[in-house]
Each structure stands twice: as structure tokens, then as C-alpha cells.
Amino acid sequence: MSDSAETPNLMEALVSLAKRRGFIYASSEIYGGLNGFFDYGPLGTELKRNIRDCWWRDMVQRRDDVVGIETSIIMHPKVWEASGHVAGFSDPLVDCKVSKQRYRADQLFFAPVWISGVELTATFAQLNNIPPNFYVSALESEQTAVELKASADNIKRKKAMPGFLVMGDLRDMSDPTLTMEVISLIPSPATGEAGSLTAPRAFNMMFQTNVGAMSDASSVAYLRPETAQGMFVDFKNVVDTTRVKLPFGIAQIGKSFRNEITPRNFIFRSREFEQMEMEYFIHEDADWAKCHEEWITWCENWLKSIGLPASHLSRYTHPKEKLAFYSRGTVDIMFKYPFGVQELWGIAARGSYDLTQHANASGKPQELFDEASKKKFVPHVIEPAVGVDRIFLAVLAAAYAVEDVKDEKGNVEQRTVLRLSPRLAPVKVAILPLLKNKEQLTNRARALHAKLQKRYAVQYDDGGAIGKRYRRQDEAGTPWCVTIDFDTIEEPGDTFTLRERDSMAQRRITEAELFALLDEHVY
RNA sequence: GCGGCUAUAGUUUAAUGGUAAAACCUCUGCCUUCCAAGCAGGUGUCGUCGGUUCGAUUCCGACUAGCCGCUCCA
């Protein structure tokens, strides 16, 4: 468990580096910040853009079966009614006023207990309209039933009641028909005493706003809590205008908004975040499980390709009984963050739920025609959904390293380095004249910089000693430094020193070779 | 939203009921022929709002933000 010891430190180091080097700032910092919102600084903006661009290139541009769209953040309110977000995108919570514990209502189970001197059955009590005397409660777990039985026995013993004990039907507290009278009889799982639980309070996580000048009920709109609905709502538009054929995907990158109860862990859970989602439509008779598996593998490989180590990646298969009712299967690709193993990429098999919902709500069929069977059908969908900010954090955590380096005298000092893949690095190459006060060096360096700048994100730096500039670039994750030295201007061949970030090794390279190197690694 | 802890420069920290210091970073100049050199100089700080006090960065309260737990999952 050495992880737990170094975990908080690593997280602090990352937050500190992110601030110091201009990757991430707290939003509205001069006003004290705003919980759950972040700004990306110059380096962070480049890194985030590179993550998006890599994904877009690999997911859309380099595939023949995926097209990209960009839909509006505010959509027709009926979209969210049809998708179930208005009704279901909320967590009813129950508080215990005594213990200050808070429970998700759908995870707090309770049941009435009948006790009487005469033999009673649940049916008998109901038939005779006899109210239950006591309730028992327990949190959802594998032991729920056992715990409830134990509580019931306990009540019976405490009250020293003779007779038989019957437990009624198990319910959870998200039941909308619950009355305050019943709630007041349910014991808190924390204290075991009744009377301290509040009624479940719904907390819809969608941000609400009003469209137009009037702010009445008819103008209510929502900031999207996911980008996926854009793909479903525009499904027919894409099918009718782009000659796509099954199986095919529609992808989108964009901001989403969720009024999270507890934003936590830096940018891992924030209230404004950016998603990269793709809806892959398949025939209703297609082998969805096979397709699902193929996409999980694709996503894992993509994460590895941008530099996340396989050792930090794992899978979590959602157990069947916990799945949303429309889902046939969901697998999360997990990442070992400094604060624990957490979800990075969810790949869900959603059946035809979304298109069917929108067809019913809008009255516009969302069907395709099958030439073989001459029948219409609603396609099914596989949905890989990932957060840009979560990838950003994973990439940063995986790339961050502090290593011991020996100088020429053998003294050990520390070097902070971000081992970002060249595709993601905010700066691809730094161009450094060996000395600042020699014009031949700076002129050649500026000429090279101007040429590289047309195609790549590069940086010119002549401030301070050369070693210091190398270290500065290490901390920004720049994979290569090119130094214009006296060999460049005095020896034939017009070669530069290429210094590699990870190995710190140096070799001589020509301008043509440098461009070839970048072409190979940067795209 | 609840509970615990916390808030001093861009970062990491120090001191103090009489308005703050160091290192690193950053900027300027000199110097410097390959891994955070040196010299000279410069910018920049007590989260916000109240209260107690002659005087508050220091004590108290509220708010805001951060961390940890409950919770959550793109």
C-alpha cells in the first residue's frame, strides 16, 4: 500500500505544477474561485487541444465509418424529457438529522414488521387493514436481507413481544408514494432509531436556464448534461445527407454541464467538462456483444497510443442488476489515478433505447430500411463516451516524474519531467541558441524557429544557461530541444544538436532530418 | 449538501497583536562553448466580508475555495 502514502503528495505536486507552468488555473481565481470550474492556461490549452485532435483524427478522420458533428449545447427541452434526463437525471437523497449521514434514497431499503400475540401473515394484516407496528432498514449490500432479518429479531427481543414476527415487502426510499408518517417510523441505519430521516429530496443535476426574454415555464431550457443526445437527435439528418451505411458512427466533441453535488479531485469531476462521444449504429440483428468488445479494445489501444501505461488501465464490467434498464452491458475502462482507480471511459451497449425514445416523443420514425429483409428497423447503438479533462488528468499523472540526475561532479539533483507523448506535447521542439550574446547563433536559431513555426508548435528560448533551458522544457513536456551551437555555424553540414527529453541523450541532426522526425512522431 | 482539517508572493514554506521573510520561479543587464552556474538590479503576497482592539496577516464569526470522509462515475 505504498500508493496510499504517496498519493496525496503526487496529487498536490500535479496541481502545483499545473498552476506553476500554466496548465490549469482555478476559474475566476481573483474572486476566490468557483467550485467545480477550471481554466486551462497556455500549456494546458495546447495539451487539451492535442488530446482532442488526436481523438478526432483517429476516431473520425482516419476511419471510413465514422462522421463528426457539432450540435448546440442548449437543445429543445423535449430532448431531455425523451432521453429521461428530466425525470431520471437526479439523485434523491435522504439525510439523517442526528448522525448527519446522507444516503441515496434508492440504496436505503426498509420493510415493515408485523408482530402480534396472534399469528399474523402479511396478507392477513393487509386484508384486515392492520397497520404494521415497526419498520427495519438497511443499506443496499449483499447482506441487506440478513441485516433486515437481524434488526427485526432485535426489535422483537427488545420489545419483549410474544408471538410471531412477519416482515413485509422490501422497498427503497426513492418510492414516490412514501408518506412522512411512514418515513418517521423508519430507523436511520446510522443510529438504529426512527424519526431522524428526512424525506427524499430530488437533486436534478442539469443546469437550467431560460431562452428568450421571458422567464416562465415555457422558456425553460437546459445546458446539456451529455453530448450523446445530439447524435441521436441528428441521426436522420446525417443518414439523409451523408450516404452513411450501417455500421457507422457519429462522433462529437463538446462541453457538457452537470451540477455535481460534490466536484472533487481537481478536474476529475467538474461541473463544466468536455466530452468526446461516439454513437456507433449497428443493425438490430448484429452481434452487439462482439461489436461492444471491439470498441472496448479500440479504446484501450487508443489510450495506450497516447502514452497511458497498460499497467494503469483496467476494466470494470457493470453487474447486470445494476445496469440502467435500457443498457445491455456497460464496461468502464478504469485508470489508476493518484487518488484511486476511477472510471475513465465508459463503453455502453444501449440497444435501440435512445432512437426509440426520440421517435416516440417527436413522432418522427428513426428507422432504416433493410434491403435484404425489406423491413424497417431501429438501429442499435454502442456508445464509447470519455471525458477530455479526465484523459488530461490521466495523461498528466502518468507523464509526471521526478528523477535523480547526476551532474559531472557526481552530485545528485532532481529533475522534474513530463514524459508526454510527442503527439500530445504542448511544445514539440524548443529552439535554443547555445549562447545569447553571439549573433551568428541567435540568427541561425531564429531562422530555424521561423521555419518550424509554420507547421509545428515550437518555442524559441535564449534566456539563461543552456542546462536551465533544457530543464524548463522538461517540465513542460517538450520532447526535443534543438541547440544551435558553434558546430552549426563553423562546421560543414548545417547540423544542430538534438537533445532528447527522456534519455537526455544528444546527437547531431540536419534540418531535413528534424522535419522528418517531427512528421513521423507528431501526427 | 453534511462532518473533520486548511488558507501568507506564480510555487514551496517562515515569522509576528504594532501592516511581513527566504528559496525557487519570473523579468532586465553583464557574463556563459551543452544539462536548474555566477554577478548587479526589478516585479510581486497575508482568500473575502464583518467583529473585538488605539492598532488584526495574527483573536472571533460568516462566506468562499482546497484537501480528506459520506456521496458520485464522462
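In this text, all values refer to a predicted model and were calculated from it rather than measured experimentally. Sequence lines set the chain letters: A, B, ... in the order given, protein chains first and strands last, and positions in each chain run from 1.
- Side-chain atoms of A/Ser503 and A/Glu500 include a donor-acceptor pair closer than 3.5 Å.
- Spacing between atom NZ of A/Lys436 and atom C1' of B/G38 amounts to 15 Å, rounded to whole angstrom units.
- Under the 30°/60° scheme for interplanar angles, the aromatic rings of A/Phe392 and A/Tyr40 are found to stand perpendicular.
- In a base pair of the Watson-Crick type (N1 to N3 plus N6-O4 or O6-N4) or a G-U wobble (N1-O2 and O6-N3), with each distance short of 3.5 Å, B/U45 is matched with no nucleotide.
- Residue-to-nucleotide contacts include no donor-acceptor pair under 3.5 Å from the side chain of A/Arg415 to the base of B/C35.
- To the nearest angstrom, P of B/C31 lies 14 Å from CG of A/Asp462.
- An OP1 or OP2 oxygen of B/U64 is reached within less than 4.0 angstrom by no side-chain nitrogen or oxygen of A/Asn35.
- The aromatic ring centres of A/Phe38 and A/Phe266 sit less than 6.0 Å apart.
- Side-chain N/O atoms of A/Arg20 include none lying less than 4.0 angstrom from OP1 or OP2 on B/U26.
- The side chain of A/Phe486 lies closest to B/U33 when the candidates are B/C34, B/A37, B/U33.
- For the pair A/Arg390 and A/Phe268, the cation sits on the ring face: its NZ or CZ lies under 6.0 Å from the ring centre, inside 45° of the axis.
- One finds a side-chain N or O of A/Arg258 lying less than 4.0 angstrom from the OP1 or OP2 phosphate oxygen of B/A74.
- Nearest to the side-chain atoms of A/Arg21 among the listed nucleotides B/C25, B/C35, B/A37 stands B/C25.
- Relative to the side chain of A/Leu34, the nucleotides B/A36, B/A65, B/C34 differ in distance, and B/A65 lies closest.
- What separates CE of A/Met231 from C1' of B/A74 is a distance of 12 Å, to the nearest Å.
- Counting to the nearest Å, the P atom of B/A74 and the CZ atom of A/Phe392 are 21 Å from each other.
- Atom CZ in A/Phe23 sits roughly 15 Å away from atom C1' in B/U11 (whole-Å rounding).
- With A/Phe496 as the aromatic partner, A/Arg508 does not meet the cation-pi criteria of under 6.0 angstrom to the ring centre and within 45 degrees of the ring axis.
- Listed nucleotides B/A74, B/C34, B/C73 differ in distance to A/Gln342; the shortest reach to its side chain belongs to B/C73.
- Checking B/A74, B/A36, B/U33 against the side-chain heavy atoms of A/Leu434 singles out B/U33 as nearest.
- Minimum atom distance to the side chain of A/Ala385 is reached by B/A74, of the listed B/A74, B/C27, B/U12.
- Taking the C1' atom of each, B/G61 and B/U71 are spaced 29 Å apart, rounded to whole Å.
- Comparing B/A37, B/U32, B/U11 by their closest approach to the side chain of A/Lys468 singles out B/A37.
- Listed candidates were B/U11, B/A74, B/C34. Nearest to the side chain of A/Lys19 is B/U11.
- Across all strands shown, B/A36 forms no Watson-Crick or G-U wobble pair with both distances under 3.5 Å.
- Taking A/Ala476 as the reference, A/Leu43, A/Thr478 meet the side-chain contact (heavy atoms from CB on, under 4.5 Å) condition, with sequence neighbours excluded.
- Base pairing analysis places B/G1 opposite B/C70; the two distances defining the Watson-Crick or G-U wobble pair are each below 3.5 Å.
- Per the geometry, CZ belonging to A/Phe339 stands 9 Å off P belonging to B/C68, to the nearest Å.
- Phosphate contact (OP1/OP2 of B/C30, side-chain N/O of A/Asn437, threshold under 4.0 Å): absent.
- Atom CH2 of A/Trp480 is separated from atom P of B/C34 by 25 Å (rounded to the nearest Å).
- Proximity note for A/Tyr470 (side chain, C-beta onward) versus B/C34, B/A74, B/U26: the nearest is B/C34.
- Among the nucleotides B/A37, B/C73, B/C34, the one closest to the side chain of A/Gln506 is B/C34.
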